[in-house]
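Notes to accompany the following structure.
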Amino acid sequence: MASLLAGRTGRDLGWPVIGAVALFAVLVGGGLAYQGILGTGAAERLVTVMLIDAIVVVGIQIYIGNTGVLSFGHIGFGAIGGYVFALLAISEAEKLKRIPDAPFGLVGVELPPLVAIACAVAFAVVCAFVVGLGLGRSGAASGAVAATVITLALLFVTHEVARNWPDLTGGDRAGLAFPIRGSLDSRVPTYGALLIALIVARLFARSRRGRLAQAAREDDLAARAMGIDPLVQQMMALLLSVAVVVLGSSLKVWEDGSILPGDFFFQYTLVTLVMLIVGGRNGVTGAVVGVIVMTIGRELARRLGQDGFEVFGIGLDSAPLDWIFRENLQTVFLGAAMLGFMIWRPSGLLDDLEIDDWLRRRLGGAESDVPPALVPAPEAGSSTLSASGIDVRFGGFQALSNAGLEADSGEVVGIIGPNGAGKTTFVNVLTGMVRPTDGTFSIDGRQLAGEPAHELARAGLVRTFQNLRLFGSLTVEENVEVAALVAAEHRGDRSHQDTAALIAQAGLWEHRHRRARELDYGNSRRLELARAAAMAPTFLLLDEPTSGMSDAESVAMVEQVKGMADAVGAGVLVIDHDLAFITGISDRIYVLDHGSVIADGTPAEVQSDKRVKEAYLGSAAT
């Protein structure tokens with residue numbers, strides 16, 4: 001656990017920086033080589049534009065790639081930043097000529113370009129914070145379509161304001177079309193901004209906040225059950241991404257020497273999004289590759305058009321290809337690339353593959369093949385989970401009626417009942433997935449009813465799901481580490497097991513570098529249990545952990561659950577239809593029928609109870 005708390009400096013700090021520098025070298029080195037071969041001003045301009053596009057696309061990737069929320073509004077933030085930069089950096093004399101009636105006293109303001117960029121970034125980040133609050137309320141945490149619509153609306157609002165406020169922006173015709181202290185005649189600011197963007201993007205992805213955001217991206221409900229509040233992670237990703245996008249947008253304005261409303265509207269939005277999609281939106285390396293591929297493709301399409309649509313002297317602008325090979329072939333190429341990748345390879349060329357991960361696997365040295373052993377949990381004071389009077393109504397249906405239980409942290413309590421008895425609903429109430437209509441529950445007197453799911457997990461109520469909910473694109477190791485990261489911050493009063501030891505205890509050591517979605521069903525169940533144990537829970541709530549397992553696997557799961565619970569010093573509440581499993585694992589059992597508790601006691605007492613036989617086994621059993 002100490003290695004995790006230390007941040008695994010090499011993997012999460014050193015190698016990401018090395019990867020960022022390698023990407024920087026590829027972009028800059030390749031661009032300079034191309035420029036040197038052609039030796040033209042057009043080639044120099046193309047390379048500069050590519051580098052600036054890379055900054056913007058990497059900025060967009062920080063948000064979309066880590067949160068999974070599709071944003072059309074980042075170029076809108078770029079427009080805001082671009083105009084702020086222009087208004088602050090353009091000379092007073094030029095503003096008197098172009099926008100003499102500019103509000104807020106801007107005519108008399110003239111700042112050095114780098115200072116103006118800093119101001120533009122700060123202003124746009126404040127705007128992003130306000131928009132981020134709206135995204136949170138709209139349901140961005142669960143990937144709701146409202147979040148995408150809000151970002152699209154931002155893009156249109158910024159465009160319309162720029163068009164229709166000529167006193168400030170110069171309007172749609174003139175714009176702010178004049179040099180900003182000449183032009184960006186050196187690439188040094190662009191090089192510096194690109195390197196910063198790449199390093200920031202990779203470090204955020206490997207940071208605690210970035211990894212929690214990626215978990216929520218994979219499964220919002222499971223993330224909340226592991227104590228993650230997606231809104232916090234998404235807000236941080238948004239602010240950081242907007243800062244990087246505005247940095248690139250300001251350089252774009254500085255390079256162009258002008259800004260018009262159309263410069264940061266739908267065309268540039270599509271260009272940058274396609275670059276991200278083509279390379280792979282979940283990785284910084286993919287974002288850079290997408291910029292390179294699309295820049296080369298668009299330039300080839302442009303040159304093909306200039307050359308009269310001929311290849312080796314064969315004309316392409318006659319039937320039946322004349323509907324493709326015509327003016328604006330770049331736009332056709334852009335649309336075809338987006339459509340093709342969304343249909344045939346939505347994860348992009350590289351998905352989430354990172355160059356630093358690739359380098360680390362080959363150059364970082366061999367890992368130890370011997371996992372650490374679990375350390376027995378120190379004796380802790382007993383905790384009591386108490387629930388009483390729990391009612392849940394869905395419309396006219398009474399799912400739970402005056403349900404309750406008590407469980408101590410040193411025991412295993414089973415919950416059984418026929419289908420539809422309310423077992424899963426009861427667990428959903430205790431873990432914040434369902435809000436009770438009435439009733440209370442607490443741990444050691446701390447009232448928890450009505451708390452959101454992530455707060456209940458942080459309080460010690462950690463669950464698994466009847467239907468598997470893993471972070472599919474993350475590895476086995478990363479799934480467990482995510483829970484441990486939350487526990488390190490919010491479960492400091494509990495003892496913590498080393499994540500590698502938990503993985504080994506679950507029988508997953510040989511699979512630790514595989515993605516969770518690649519595991520078979522039994523190993524997936526064991527991973528879910530190990531991930532829950534990494535949260536250092538007070539109580540583990542297991543919803544049918546043997547569902548879909550054979551008898552032999554069910555017997556093995558009994559030992560697995562007991563071992564994990566003992567290792568972290570947690571009590572266990574377990575739901576299952578398998579009577580042999582429940583009686584074999586439980587110290588006490590509660591029986592639900594039609595949403596009410598009809599019996600409780602030891603396994604022997606419950607098995608001999610007439611009401612249980614009638615409700616659970618059927619009246620014929622009597």
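Residue numbers start at 1 and run along the sequence shown. Because the structure is predicted, anything quoted here is derived from the model rather than measured.
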Any side-chain heavy atom of [X] sitting closer than 4.5 Å to one from [Y]?
X	Y	result
Leu461	Ile443	yes
Thr285	Leu353	no
Leu238	Val69	no
Leu400	Asp391	no
Thr475	His511	no
Asp444	Thr384	yes
Pro16	Phe204	no
Leu349	Phe341	yes

*Verify side chain to side chain contact (heavy atoms under 4.5 Å, CB included) between Leu430 and Leu456, making sure each step is shown before the conclusion.*
CA-CA 8 Å; Leu430 296 178; Leu456 291 174; over 6 Å; no
Taking atom [atom1] of [X] as the centre, report whether more than 12 heavy atoms of other residues, nucleotides or ligands fall under 6.0 Å from it.
X	atom1	answer
His594	NE2	no
Met236	CE	no
Phe129	CZ	no

*Over-ring placement of Arg11 relative to Trp15, 6.0 Å and 45° cut-offs*: no
_Just to verify, which of Phe77, Tyr63, Phe72 counts as forming a side chain to side chain contact (heavy atoms under 4.5 Å, CB included) with Thr151?_
Phe72
*Pair listing, salt bridge (Lys or Arg N to Asp or Glu O under 4.0 Å) test, anchored in residues 225-242, at least two apart*: none
*Residue pairs, two or more places apart or on separate chains, that pass salt bridge (Lys or Arg N to Asp or Glu O under 4.0 Å) and touch residues 454-476*: Asp219-Arg469, Glu455-Arg458, Arg463-Asp543
*asked:* Can you see whether Ser473 engages Glu218 through a side-chain donor-acceptor pair at a distance of less than 3.5 angstrom?
replied: yes
*asked:* If only side-chain N and O atoms count, and only distance matters, is there a donor-acceptor pair under 3.5 Å linking Thr546 with Arg525?
replied: no
*asked:* I'd like to know whether Leu212 forms a side chain to side chain contact (heavy atoms under 4.5 Å, CB included) with Met226, so could you lay out the CA-CA distance, the side-chain angles of the two residues, the decisive distance to 0.1 Å, and finally the verdict.
replied: CA-CA 10 Å; Leu212 298 186; Met226 292 298 108; over 6 Å; no
Going by salt bridge (charged side-chain N to carboxylate O under 4.0 Å, His left out), name the residues that satisfy it together with [X], two or more places apart in sequence or in a different chain.
X	result
Glu406	none
Glu489	Arg208
Arg517	Asp351

*Any idea which heavy atoms bring Arg281 and Pro346 closest together, and the distance?*
NH1-O, 3.0 Å
*Measure across Thr424 and Gln466 and return the closest heavy-atom pair with its distance rounded to 0.1 Å.*
OG1-OE1, 3.4 Å
*Please determine if Arg211 and Glu478 form a salt bridge, counting it only when a charged side-chain N lies under 4.0 Å from a carboxylate O.*
no
*Measure the acute angle between the ring planes of Phe394 and Phe397, then classify it against the limits of 30° and 60° as parallel, tilted or perpendicular.*
parallel
*Give the intermediate values and the outcome of side chain to side chain contact (heavy atoms under 4.5 Å, CB included) for residues Gln214 and Asp352.*
CA-CA 11 Å; Gln214 292 156 26; Asp352 60 356; over 6 Å; no
*Before giving the answer on salt bridge (charged side-chain N to carboxylate O under 4.0 Å, His left out), spell out for Asp220 and Arg224 the whole-Å C-alpha distance, their side-chain angles and the decisive distance to 0.1 Å.*
CA-CA 6 Å; Asp220 173 76; Arg224 292 176 184 273; 3.1 Å; yes
*Taking only residues two or more places apart in sequence, or in another chain, which ones meet Ala530 in a side-chain contact (heavy atoms from CB on, under 4.5 Å)?*
Val480, Ala506, Met564
